[in-house]
Each structure stands twice: as structure tokens, then as C-alpha cells.
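Side chains included, hydrogens not; waters and symmetry mates left out as well; all remaining heavy atoms used.
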Amino acid sequence: MTRFENKSLTFAVALSNVYKKPEERDELRGLKLEEQDLTEDFTAMLWGLMTFYCSITEEKLDILGFISILTRLAFQHSMEE
């Protein structure tokens, strides 16, 4: 597994843990926040969110399809404000 894939999986697990009882949470390895890695980290967050979304919905999406969903959600939310 690549470094990027490891980061993406770490973010997906962290999102999943939010919905679990403390004793049911999966163990995470920490990531070091470094300025030169921010682009990779934010991209891995996006992939992690997509992984988490697909695991819940069982949809098979590529990143562009997922971004389309996020854009619609953001638009809907902004229209409610």
C-alpha cells in the first residue's frame, strides 16, 4: 500500500470511529502534520471521505462522481442558509 493510500485509509477509519462507541473504535496511527505534505494530506482526506461514503452507501464511485455529490450537498446547504 502506498503512503497516500495509507493516509486515505487513516482518514476513512477516523471518520468511521466518530460514529462508534469508544470501546469499539479502531486503533489509528498518528499522522505528522507537515507543511510540505499539506496538499497530499488534504487530497487523502478527500479520498478517505469518499471511501467512508462508499462503505456506507455501497455505491461504486470514482472521485469525479463523488465530487459531484459533494458539490450538490454544498449547494443544497448554501441554499438553506
Side-chain angles (χ1 to χ4, degrees):
M1 192 176 292
T2 68
R3 180 176 125 156
F4 178 79
E5 290 169 334
N6 279 324
K7 284 184 177 184
S8 298
L9 183 58
T10 299
F11 288 119
V13 170
L15 285 167
S16 175
N17 278 347
V18 170
Y19 296 99
K20 295 179 180 178
K21 295 176 184 175
E23 63 274 7
E24 296 173 346
R25 293 181 182 157
D26 297 308
E27 190 172 331
L28 290 173
R29 67 174 183 83
L31 297 177
K32 188 173 181 184
L33 184 62
E34 296 184 18
E35 188 174 345
Q36 69 270 14
D37 294 332
L38 286 178
T39 298
E40 180 180 85
D41 288 353
F42 286 123
T43 306
M45 286 178 201
L46 177 60
W47 254 258
L49 180 58
M50 180 180 71
T51 300
F52 180 61
Y53 175 89
C54 290
S55 73
I56 292 171
T57 64
E58 299 181 358
E59 290 185 55
K60 305 286 188 229
L61 295 171
D62 63 11
I63 194 63
L64 294 179
F66 183 63
I67 289 171
S68 175
I69 290 170
L70 294 178
T71 302
R72 282 185 271 142
L73 291 172
F75 179 76
Q76 287 173 351
H77 181 75
S78 67
M79 296 306 294
E80 292 173 0
E81 292 184 341

Is it possible for you to say whether F42 and L15 belong to one hydrophobic cluster, with membership spreading through side-chain heavy-atom contacts below 4.5 Å? no
dist E24:CD -> D26:CG (nearest 0.5 Å) comes out at 10.0 Å
Given the rule in the side-chain contact (heavy atoms from CB on, under 4.5 Å) test, do F11 and T51 qualify, once you have shown the distances and angles that lead to the verdict? CA-CA 9 Å; F11 288 119; T51 300; over 6 Å; no
Count the heavy atoms of every other residue, nucleotide or ligand shown that sit under 6.0 Å from CD of E35, and state whether that count exceeds 12. no
Is there a path of hydrophobic side-chain contacts, each under 4.5 Å between heavy atoms of I/L/V/M/F/W/Y residues, joining V13 to L31? no
Please say yes or no: joined through hydrophobic side-chain contacts below 4.5 Å, possibly via intermediate residues, are L61 and L49 part of one cluster? yes
Evaluate K7 against T10 for side-chain contact (heavy atoms from CB on, under 4.5 Å), listing each step before the verdict. CA-CA 5 Å; K7 284 184 177 184; T10 299; 5.5 Å; no
Side chain E5, main chain T2, donor-acceptor under 3.5 Å: yes
For the pair T71 (side chain) and I67 (backbone), establish whether a donor and an acceptor sit closer than 3.5 Å, ignoring hydrogens and angles. yes
Determine, using the 4.5 Å side-chain heavy-atom cutoff (strictly less than), whether V18 and L73 are members of one ILVMFWY cluster. yes
Is F52 reachable from L28 through a run of I, L, V, M, F, W or Y residues, each pair having side-chain heavy atoms under 4.5 Å apart? no
Does CD in Q36 sit with more than 12 non-hydrogen atoms of other residues, nucleotides or ligands closer than 6.0 Å? yes
NZ (K20) with more than 12 external heavy atoms under 6.0 Å: yes
